[in-house]
Chemist: 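Before I ask anything, let me first share the structure, which is written out below as structure tokens.
Just so we're clear, the structure is a prediction, and the values are computed from it rather than from any experiment. Chain A is the first sequence line, chain B the second, and so forth, proteins listed ahead of strands; every chain is numbered from 1.
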Amino acid sequence: MATTLHPSSPILLLPTTQNAKNSSSHNHSLPNCKTLNELKQLHCNMMKKGLSHYPNNINKLIAACVQIGTHESFNYALNVFKEDEETMFCSLYTCNTLIRGFASSGLGQEAIFIYLHMIVVMGFLPDKFTFPFLLSACSKIMALSEGVQIHGVIFKMGLDKDLFVANSLIHFYAECGKVDLGRKVFDKMLERNVVSWTSLINGYSGVNMAKEAVSLFFEMVEAGVKPNPVTMVCAISACAKLKDLELGRKVYAFMNKLGVELNTLVVNALLDMYMKCGDMSAARGILDELGDKNLVMYNTIMSNCVQHGLAGEVLVTLDEMIRKGWRPDKVTMLSTIAACAQLGDLSVGKSSHAYVFRNGLESWDNISNAIIDMYMKCGKREAACKVFDNMSNKTVVTWNSLIAGLVRDGDMELALRIFGEMPESNLVSWNTMIGAMVQASMFEEAIDLFREMQNQGIKGDSVTMVGIASACGYLGAHDLAKWIYTYIEKNDILIDIQLGTALVDMFSRCGDPRNAMRVFGNMEKHDVSAWTAAIRVMAVEGNAKGAIDLFNEMLKQEVMPDDFVFVALLTACSHGGYVDQGRQIFWSMEKIHGVSPQIIHYGCMVDLLGRAGLLEEALDFMKSMPMEPNDVIWGSFIAACRKHKNVELARCADENITHLDPERVGVHVLLSNIYAAAGKWTDVARVRLQMKEKGFQKVAGSSSIEVHGLIHEFTSGDESHTENTQIGLMLQEINHRLSQVGYVPDTTNVLLDIDEKEKEHLLCRHSEKLAVAYGLINTVGK
DNA sequence: GTAGGGTTAG
């Protein structure tokens, strides 16, 4: 469970000591100079004594600065290099040392400056030691065009034959996301070592080609190159990305067979792989064997817990690591803040923010992005905006966090405006907006946005398609549904459980159970929501037996039922008239499956009994409920009364709902319809008056039809369509041809106190008929 | 002299 941080816990009282790694110098050439100040002093003395003219001294000074490894010491080294006239005394070796130093600190521009300076000003020719450092510096800042030019120089100098230089090129291209260029270098190499293979494996893994990465690993083993721990880390993390446990185990088995040593990095990669693949017992096994965990392992555990939605576990782990004396770093805080966002835990969220601020971690974009997300999810829009405004490096994730927050707040208008104006957007931005529109029932707008995406040449992924499929399902647009399915197949979009489930629902809502079940059958894995979607397909068809069979199959595959699956199952029984089975399932919910019935399940039972005409039993059942029946339940009871023409029980319901204050008007409309059907117009008048007093207004029902990919919506008696005249003519023809084959309109369902002729007129302008007429005009013979 | 673990938004 979630733990809150006690104010006296270490997280709030963090020491600000220097990192131990940085304060211990291994400088052998200048053993007395451990700090930059000492070096500066020495430099001063050197200049006073005129010793700075000796190239060796300057070279040593710069090397010592590089070794200290702080931002300040690098700058000092750079100044010595740039401003001193003695630059000419610097050797190629010193230039290489400087480039190495800047590369290791991620200061790519500075490294490139030294490189250019040494060529242009100093007239040095770079050597085979220069390029690995330089390329590593370019990798860190993703300086692709610079790297490509450097590659040109390397080629001209014939240094591409050097193993180290070539390996550095592979790594450079991989880091810039151009693994195919790295592959070209790899293929041309005359000799390769384990680093060449490992760099390429890692390159594939980094551009979402983890499958290729793992097969390259096996290729390497086949070629007789023995992997080392670095290779293993790359190969295992590729398996983690694929969430392929079997493959991960296989790779690990190879590692043992080949006798590769196991270090903490490999152990951590294994731990991460097991957790990402959901094998918690294997992960536990590693941890039990390990005893003590290091910081990165704590971070691995926490980030995986966040990914699995186990936010409470994150805070428990945080507590443990602090008790064991570890100082949370930026990655720890990222997971912690993400966990607070999930839990809506503002108090830990706030103290985390304070910790981040005190330790200067907020300059890291990701942390600030997570804080914005956290405040937004805790409902603190102002706090989030403050962080947002103070950020100097707003990335696309920053903007996305903001629009996602606005969308959750229900502020679609502002979200849309920002979406349109943000400086950079990506697939997640589009998916956020499409998802938001579906949530807000703006289905056509969602599909329009998807079309706009296509126009801009942006391909959707499986998250996009989940949104689009459900929008399409709600619209019931069958042609669009088929198009969506083809789009997914054509673009090789992975049908995961979520998308598969959405597609099953989509086809089901579009009246295409065959395709719905085909998608279901093709799915690799089924979770409880996937099974529920399939059971809903049966429910729509009234196929209660099919639903029960699916449910039993689900149990056989040891998928735990939840409350939603019982709603689908009971609905299927209700529509299929399986009264006894429905009663049995309702009973078994709690007794066998441990799922306690909610009001919605009681509602299903009332519906089941009512539809079967067991109105008395339904009423008794309602009285036995542990909670008050709501307007939905009364509504289905009243609908049953109407179906079975039982005015007396309807009147009983009427008396019971007067003290209810239902938000929906449906109950009252239904009641008035029942009275109308029985010709009890005074009751109709009374119910209508009540509705008027409560300020209800019936929302007009509508029908829609999809013609050539466009949705046309009609309400009853609608004359607003541009092709209204043609629709009228078509309706006349329909009526004419219907009466020719002996159709007599049944006006009993037109429950208004008007004469028969008027009823007939209303009936023929029913919204469904208008939609059908429009469809006939525009599809037949075309 | 080249390669390696944990990272936020939908």
Chemist: Just to be sure I understand the rule, does A:Asp329 reach a base, reach only the sugar-phosphate, or reach nothing, if contact means heavy atoms closer than 4.0 Å?
Modeler: base

Chemist: Going by side chain to side chain donor-acceptor pair (under 3.5 Å), name the residues that satisfy it together with A:Ser425, two or more places apart in sequence or in a different chain.
Modeler: none

Chemist: NA contact type, A:Gln307, heavy-atom cut-off 4.0 Å: base, sugar-phosphate, or nothing?
Modeler: sugar-phosphate

Chemist: Check the distance between B:dT2's P and A:Leu169's CG and give it to me in whole angstrom.
Modeler: 14 Å

Chemist: What contact category does A:Arg408 fall into here, base, sugar-phosphate, or nothing, at under 4.0 angstrom with non-hydrogen atoms?
Modeler: sugar-phosphate

Chemist: Could you give the CG-to-P distance, from A:Leu361 to B:dT8, as a whole number of Å?
Modeler: 16 Å

Chemist: Nearest of B:dA3, B:dG5, B:dT8 to any side-chain atom of A:Asn366?
Modeler: B:dT8

Chemist: Under 4.0 Å between any heavy atoms, over every strand shown, what does A:Trp364 touch: base, sugar-phosphate, or nothing? Just pick one.
Modeler: base

Chemist: Rounded off to whole Å, could you give me the NE2-to-C1' distance for the A:His353 and B:dT8 pair?
Modeler: 14 Å

Chemist: Among B:dA9, B:dG4, B:dT2, find the nucleotide with the atom closest to the side chain of A:Ser401.
Modeler: B:dA9

Chemist: Mind listing the closest non-hydrogen atom pair of A:Cys176 and A:Ala143 along with its distance?
Modeler: SG-N, 4.5 Å

Chemist: Taking the side chain of A:Val331 as its heavy atoms from C-beta onward, which of B:dT2, B:dT7, B:dG4 lies nearest to it?
Modeler: B:dT7

Chemist: How many Å lie between CE on A:Met255 and C1' on B:dG5, as a whole number?
Modeler: 13 Å

Chemist: Find the distance A:Tyr375:OH to B:dA9:P and express it as a whole number of Å.
Modeler: 17 Å

Chemist: May I ask you to say what A:Lys377 touches in the nucleic acid, namely base, sugar-phosphate or nothing, with a heavy-atom cut-off under 4.0 Å?
Modeler: sugar-phosphate

Chemist: Given A:Met232, which of A:Leu258, A:Leu265, A:Val251 fulfils the side chain to side chain contact (heavy atoms under 4.5 Å, CB included) condition?
Modeler: A:Val251

Chemist: Suppose we call a contact any N or O donor and acceptor under 3.5 Å apart; does that hold for the side chain of A:Asp162 and the base of B:dG1?
Modeler: yes

Chemist: A:Asn96 near the nucleic acid: base, sugar-phosphate alone, or nothing, with a heavy-atom cut-off under 4.0 Å?
Modeler: nothing

Chemist: So A:Asp160 and A:Val165, side-chain contact (heavy atoms from CB on, under 4.5 Å) or not? Walk me through it.
Modeler: CA-CA 6 Å; A:Asp160 54 333; A:Val165 174; 5.8 Å; no

Chemist: Report the nucleotide, chosen from B:dA9, B:dA3, B:dG5, that has the shortest atom-to-atom distance to any side-chain atom of A:Asn400.
Modeler: B:dA9

Chemist: Can the ring centroids of A:Phe172 and A:His151 be said to lie less than 6.0 angstrom from one another?
Modeler: no

Chemist: Which of these nucleotides, B:dT2, B:dG5, B:dT8, is closest to any side-chain atom of A:Met297?
Modeler: B:dG5

Chemist: When you measure from the side chain of A:Asn167, which nucleotide among B:dG5, B:dT8, B:dT2 comes out closest?
Modeler: B:dT2

Chemist: For this output row, return yes or no: ring centroids of A:Phe218 and A:Phe254 closer than 6.0 angstrom.
Modeler: yes

Chemist: Of the listed nucleotides (B:dG4, B:dG1, B:dT8), which one gets closest to any side-chain atom of A:Phe129?
Modeler: B:dG1

Chemist: Of all the choices, B:dA9, B:dA3, B:dG5, which nucleotide is nearest to the side chain of A:Val397 once you look at every atom?
Modeler: B:dA9

Chemist: Nearest to the side chain of A:Arg100, heavy atoms from C-beta on, is which of B:dT8, B:dG1, B:dA3?
Modeler: B:dG1

Chemist: What is the nucleic acid contact for A:Ser168, judged by heavy atoms within less than 4.0 Å: base, sugar-phosphate only, or nothing?
Modeler: sugar-phosphate

Chemist: So what does A:Ala338 hit on the nucleic acid, given a heavy-atom distance under 4.0 Å: a base, only sugar-phosphate, or nothing?
Modeler: nothing

Chemist: Counting only side-chain N and O atoms of A:Ser303, is one of them less than 4.0 Å from OP1 or OP2 of B:dT7?
Modeler: yes

Chemist: Mind calculating the distance between CG (A:Asp373) and C1' (B:dT8) to the nearest angstrom?
Modeler: 7 Å

Chemist: Using atom types as modelled and distance alone, determine if a side-chain donor or acceptor of A:Arg192 lies under 3.5 Å from a backbone N or O of A:Phe186.
Modeler: yes

Chemist: Determine the contact category for A:Thr264: base if any of its heavy atoms lies under 4.0 Å from a base atom, sugar-phosphate if only primed atoms, P, OP1 or OP2 are that close, otherwise nothing.
Modeler: base

Chemist: How long is the line joining CD1 of A:Ile337 and P of B:dA9, in whole Å?
Modeler: 11 Å

Chemist: Reckon A:Asp127 touches a base, only the sugar-phosphate, or nothing at all at heavy-atom distances under 4.0 Å?
Modeler: nothing

Chemist: How would you label the contact of A:Lys330 with the nucleic acid (heavy atoms, under 4.0 Å): base, sugar-phosphate, or nothing?
Modeler: nothing

Chemist: With centres under 5.5 Å and planes under 30° as the test, does A:Phe164 stack with B:dG1?
Modeler: yes

Chemist: OH of A:Tyr93 versus C1' of B:dG1: gap in Å, rounded?
Modeler: 10 Å

